[in-house]
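In what follows, a single structure is set out as structure tokens and then discussed.
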Amino acid sequence: MAQIPPGQLATYGQIAELIGVWGAARQVGWALRRLPLPSPIPWHRVVNARGQISFTPSREGSDWIQRELLLAEGIPVDAAGRLPLARHRWQPR
DNA sequence: ACATTGACCTGAG
DNA sequence: GCTCAGGCCAATG
């Protein structure tokens with residue numbers, strides 16, 4: 001995830017595929033859940049395949065922090081957490 | 001050892 | 001756009 005350039009987005013499935021484990025998207029989510037909050041890695045550039053932030057009570061507000069961080073990078077996010085994934089999709093190489 | 005639970009994905013209607 | 005069903009795999013009870 002540290003390779004994701006600023007202003008670009010990746011999906012959970014994309015990360016899983018990148019590390020060679022197809023279908024491990026949930027474990028990517030698990031890994032993010034146990035991250036310390038502030039973290040040196042750009043966890044906020046990871047969203048789900050539907051192009052929106054994954055809101056859930058178990059995050060206890062970190063989802064809203066994510067929204068702010070994305071806005072700070074110039075990515076528009078509406079109140080529902082939806083964002084233009086198609087335009088900011090990161091192409092790994 | 002079994003069952004449930006997720007910051008999820010894909011494909012078929 | 002939408003819902004539904006099936007899959008994935010680590011952690012937790």
Side-chain angles (χ1 to χ4, degrees):
Chain A
M1 290 199 294
Q3 304 176 20
I4 306 175
Q8 303 218 19
L9 299 171
T11 68
Y12 293 90
Q14 219 175 344
I15 301 296
E17 192 175 5
L18 198 64
I19 64 178
V21 190
W22 196 93
R26 300 188 96 138
Q27 284 77 294
V28 175
W30 173 85
L32 291 193
R33 181 174 59 91
R34 78 190 282 315
L35 271 182
L37 205 42
S39 166
I41 73 171
W43 55 272
H44 54 280
R45 302 192 189 128
V46 182
V47 296
N48 63 25
R50 295 172 188 154
Q52 56 181 113
I53 298 174
S54 293
F55 289 96
T56 163
S58 67
R59 291 181 63 175
E60 304 191 353
S62 76
D63 34 23
W64 290 99
I65 297 176
Q66 177 173 16
R67 193 172 99 93
E68 293 303 318
L69 289 172
L70 289 175
L71 287 173
E73 291 196 352
I75 300 175
V77 188
D78 67 18
R82 300 175 41 173
L83 37 87
L85 178 58
R87 283 192 309 200
H88 294 82
R89 168 92 68 176
W90 175 51
Q91 316 287 355
R93 193 159 320 163

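We name chains A, B, ... by the order of the sequence lines, and we start the count at 1 in each one.
- The CG-P distance, from A:Asp63 to B:dC8, rounds to 11 Å in whole Å.
- Checking A:Gly29 against A:Arg50, the closest nucleotide of DNA chain B that is more toward the 5' end is the one next to A:Gly29.
- Closest to the A:Trp22 side chain, of the nucleotides C:dG1, B:dA7, B:dT10, is B:dT10.
- The side chain of A:Gln27 lies closest to C:dC9 when the candidates are B:dA7, B:dC9, C:dC9.
- Between A:Arg33 and A:Gly23, the one whose closest nucleotide on DNA chain C sits nearer the 5' end is A:Gly23.
- Heavy atoms of other residues, nucleotides or ligands lying less than 6.0 angstrom from CD of A:Glu17 number 12 at most.
- There is no side-chain donor-acceptor pair under 3.5 Å between A:Arg59 and A:Thr56.
- Here the separation of C:dA5 from B:dA7, taken at their C1' atoms, is 22 Å to the nearest Å.
- Summarising the geometry, the separation between CD1 on A:Ile15 and P on B:dC9 is reported as 11 Å, rounded to the nearest angstrom.
- Counting non-hydrogen atoms under 4.0 angstrom, A:Ala24 reaches nothing in the nucleic acid.
- The A:Trp30 side chain lies nearest to C:dA11 when the options are C:dA11, B:dG6, C:dG1.
- At the phosphate of B:dC8, OP1 or OP2 sits under 4.0 Å from a side-chain N or O atom of A:Ser54.
- Of the side-chain N and O atoms in A:Ser62, none sit less than 4.0 angstrom from OP1 or OP2 of B:dA7.
- Remark: C1' of B:dT10 and CD of A:Glu17 are 12 Å apart, rounded to the nearest angstrom.
- Rounded to a whole Å, the CG atom of A:Leu35 is 16 Å from the C1' atom of C:dA11.
- A donor-acceptor distance shorter than 3.5 angstrom exists from the side chain of A:Gln66 to the backbone of A:Val46, with no hydrogens or angles considered.
- Side-chain atoms of A:Gln14 come within 3.5 Å of backbone atoms of A:Trp90 as a donor-acceptor pair (strictly under, hydrogens ignored).
- Candidate nucleotides C:dC8, B:dA7, B:dT10 were compared by shortest atom distance to the side chain of A:Arg26, and C:dC8 ranks first.
- Picking from B:dA7, C:dG1, B:dT10 the nucleotide with the shortest atom distance to the side chain of A:Ser58 gives B:dA7.
- Neither A:Ile65 nor A:Leu9 shares a network with the other; the hydrophobic side chains, linked directly or stepwise wherever heavy atoms of I, L, V, M, F, W or Y lie under 4.5 Å apart, form separate groups for each.
- With rounding to whole Å, A:Leu18 atom CG is found 16 Å from B:dC9 atom C1'.
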